[in-house]
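For clarity, every value in this text was computed on a predicted model and none was experimentally measured.
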Amino acid sequence: MSQNTRRLLFLVASVTVVTLGHYVTSLHIHQAHDLYRRLYYLPIIFAGFWYGLRGGLVTSIVVALVFFPHVWFQWRETPFIRAEQYLEMLLYVIVGGLTGGLSQKEAQRREELHAANHKLEEAFAQLREQSLALVQAEEQLRRADRLAALGELSAGMAHEIRNPLGSIKGTAEIFRDSLPSEHKLHEFASILVKETDRLDGILTHFLEFARPKELNAGRSDPAAVVADVVGLARERARRAKVEVETQLDPGLPSVAMPGDALRQVTLNLVLNGIQAMSGTGRLVITAREGPPRRLERPEQPVAGRVVHLAVTDTGPGIPVEVQDRIFDPFFTTKRTGTGLGLAICQRIVLGYRGVIYFEPGEPSGARFVAELPVANGEG
């Protein structure tokens with residue numbers, strides 16, 4: 001039974017019971033009739049609260065109509081009392097109208113407040129979106145400022161460091177090659193050449209991030225790129241005692257990214273995974289087509305179907321307190337890292353309208369996923 005039905009039954013029952021009380025009670029019991037008259041106010045007031053002005057007036061008029069025969073026929077011998085009860089019928093209508101009118105105004109006010117609250121919620125949602133956009137714009141400005149400063153720095157570094165670094169490496173190679181391999185200084189010269197190459201690599205990373213190559217349109221086969229990367233990283237994985245496994249869905253479509261850009265991203269993620277596992281471990285490269293994942297973070301959304309390229313390692317993972325910073329330029333958890341590898345990967349992927357994000361491995365390790373848009377006409 002609905003609430004409205006229960007209310008109507010209550011109003012009908014209460015009016016009926018009070019009216020029967022009037023007609024079956026002797027006129028000599030004045031106190032009982034006075035009580036019955038007052039009880040009529042209950043259904044009138046409830047009708048006003050529940051149904052507003054119309055409900056209060058209709059119920060009070062009905063009460064007055066069913067009460068009128070009792071007054072007219074049973075109290076005709078006492079004109080004074082009958083006049084008083086006529087006045088009571090007028091009060092029924094007044095009370096019903098006032099109660100219903102006030103209740104209706106209160107309901108209207110409640111609806112207005114609800115509408116105002118809904119508008120406030122919409123305004124708050126818009127304000128939150130605008131605030132998020134401002135935060136993103138501010139972050140982009142800060143990043144642009146850092147890149148501008150880095151660009152000026154890299155120009156000077158290229159001239160001031162790379163030239164003498166080349167001379168140092170050349171001299172160290174001549175010194176190394178002039179010594180027999182069993183000589184103790186031969187090992188020191190080899191270390192010098194190796195460290196010079198490492199410094200040159202660090203400088204190259206600075207230059208690549210500060211002055212990235214122009215993003216050229218193109219497409220590439222993810223399966224072929226993964227096969228190339230596995231071949232390039234095979235020797236390093238063997239030395240690190242890391243098992244490399246690929247899980248590629250058959251018939252993967254091409255992605256809207258040139259092969260050299262996709263190769264750079266994939267190789268960087270693979271080498272990071274190998275370096276994260278000290279001595280032994282397992283690295284899995286997966287690729288599958290599907291819809292883009294809905295991210296909570298404000299990365300650039302991917303439209304349409306994508307290829308999910310994931311690199312998962314079984315290393316120690318990334319601490320929770322630094323996971324939000326792993327794509328920041330110059331931030332690294334390695335003692336010898338530059339903190340530019342993941343930042344470069346993110347810049348390349350975002351430049352080709354994709355997204356890249358981190359997930360904790362299960363039960364340990366790290367998982368990096370790049371969502372790459374499928375090339376037009378593919379999939």
Side-chain angles (χ1 to χ4, degrees), residues 133 136-137 139-144 146-148 150-151 154 204-230 232-233 246-249 251-273 285-312 326-329 331 338-359 366-379:
Q136 294 178 10
E139 177 61 29
Q140 291 175 358
L141 288 175
R142 285 200 299 264
R143 183 167 292 194
R146 290 196 297 266
L147 293 179
L150 185 58
S154 64
T204 300
H205 276 81
F206 271 94
L207 294 175
E208 285 180 351
F209 188 77
R211 295 181 178 180
K213 296 181 294 183
E214 182 180 354
L215 300 178
N216 299 315
R219 64 175 62 196
S220 58
D221 180 3
V225 171
V226 169
D228 291 344
V229 169
V230 170
L232 292 173
T246 60
Q247 300 176 0
L248 311 180
D249 285 355
L252 282 172
S254 300
V255 296
M257 178 185 292
D260 57 346
L262 180 57
R263 189 175 295 105
Q264 182 178 1
V265 171
T266 308
L267 182 59
N268 204 331
L269 296 179
V270 168
L271 295 180
N272 277 356
I285 308 171
T286 61
R288 62 177 179 82
E289 183 189 3
R293 175 186 172 188
R294 185 176 182 85
L295 298 175
E296 297 179 357
R297 302 179 300 279
E299 279 92 344
Q300 181 177 353
V302 179
R305 298 186 67 79
V306 299
V307 171
H308 300 259
L309 178 63
V311 177
T312 307
I326 56 177
F327 290 105
D328 290 348
F331 177 80
T338 62
L340 289 174
L342 289 177
I344 292 173
C345 289
Q346 186 185 54
R347 167 172 286 197
I348 293 173
V349 172
L350 291 179
Y352 286 102
R353 304 188 64 79
V355 296
I356 184 170
Y357 52 88
F358 161 81
E359 294 178 334
R367 171 182 168 88
F368 286 90
V369 183
E371 293 186 358
L372 311 173
V374 172
N376 291 334
E378 297 282 342

Legend entry - Sub-4.5 Å side-chain heavy-atom contact between Leu342 and Leu269: yes
Inset, instruction - Taking the side chain as every heavy atom from C-beta outward, state whether Pro258 and Arg219 have any pair of such atoms under 4.5 Å apart. - result: no
Any chance you could measure [X], atom [atom1], to [Y], atom [atom2], to the nearest 0.5 Å?
{"X": "Leu248", "Y": "Arg288", "atom1": "CG", "atom2": "CZ", "value": "12.5 Å"}
{"X": "Leu350", "Y": "Ile356", "atom1": "CG", "atom2": "CD1", "value": "8.5 Å"}
{"X": "Ile348", "Y": "Leu372", "atom1": "CD1", "atom2": "CG", "value": "11.0 Å"}

So, for [X] and [Y], which heavy atoms are closest and what is the spacing to 0.1 Å?
{"X": "Met257", "Y": "Ser220", "value": "O-OG, 2.7 Å"}
{"X": "Arg305", "Y": "Gly290", "value": "NH2-CA, 3.3 Å"}
{"X": "Pro373", "Y": "Gly354", "value": "CD-CA, 3.9 Å"}
{"X": "Pro222", "Y": "Leu252", "value": "CB-CD1, 4.5 Å"}

Legend entry - Non-neighbouring partners of Ala310 that pass side-chain contact (heavy atoms from CB on, under 4.5 Å), sequence neighbours left out: Thr286, Arg367, Val369
Legend entry - side-chain contact (heavy atoms from CB on, under 4.5 Å) between Ile285 and Leu309, intermediate numbers included: CA-CA 7 Å; Ile285 308 171; Leu309 178 63; 4.1 Å; yes
Inset, instruction - Could you check whether the rings of Phe327 and Phe368 sit parallel, tilted or perpendicular, using 30° and 60° as the cut-offs? - result: perpendicular
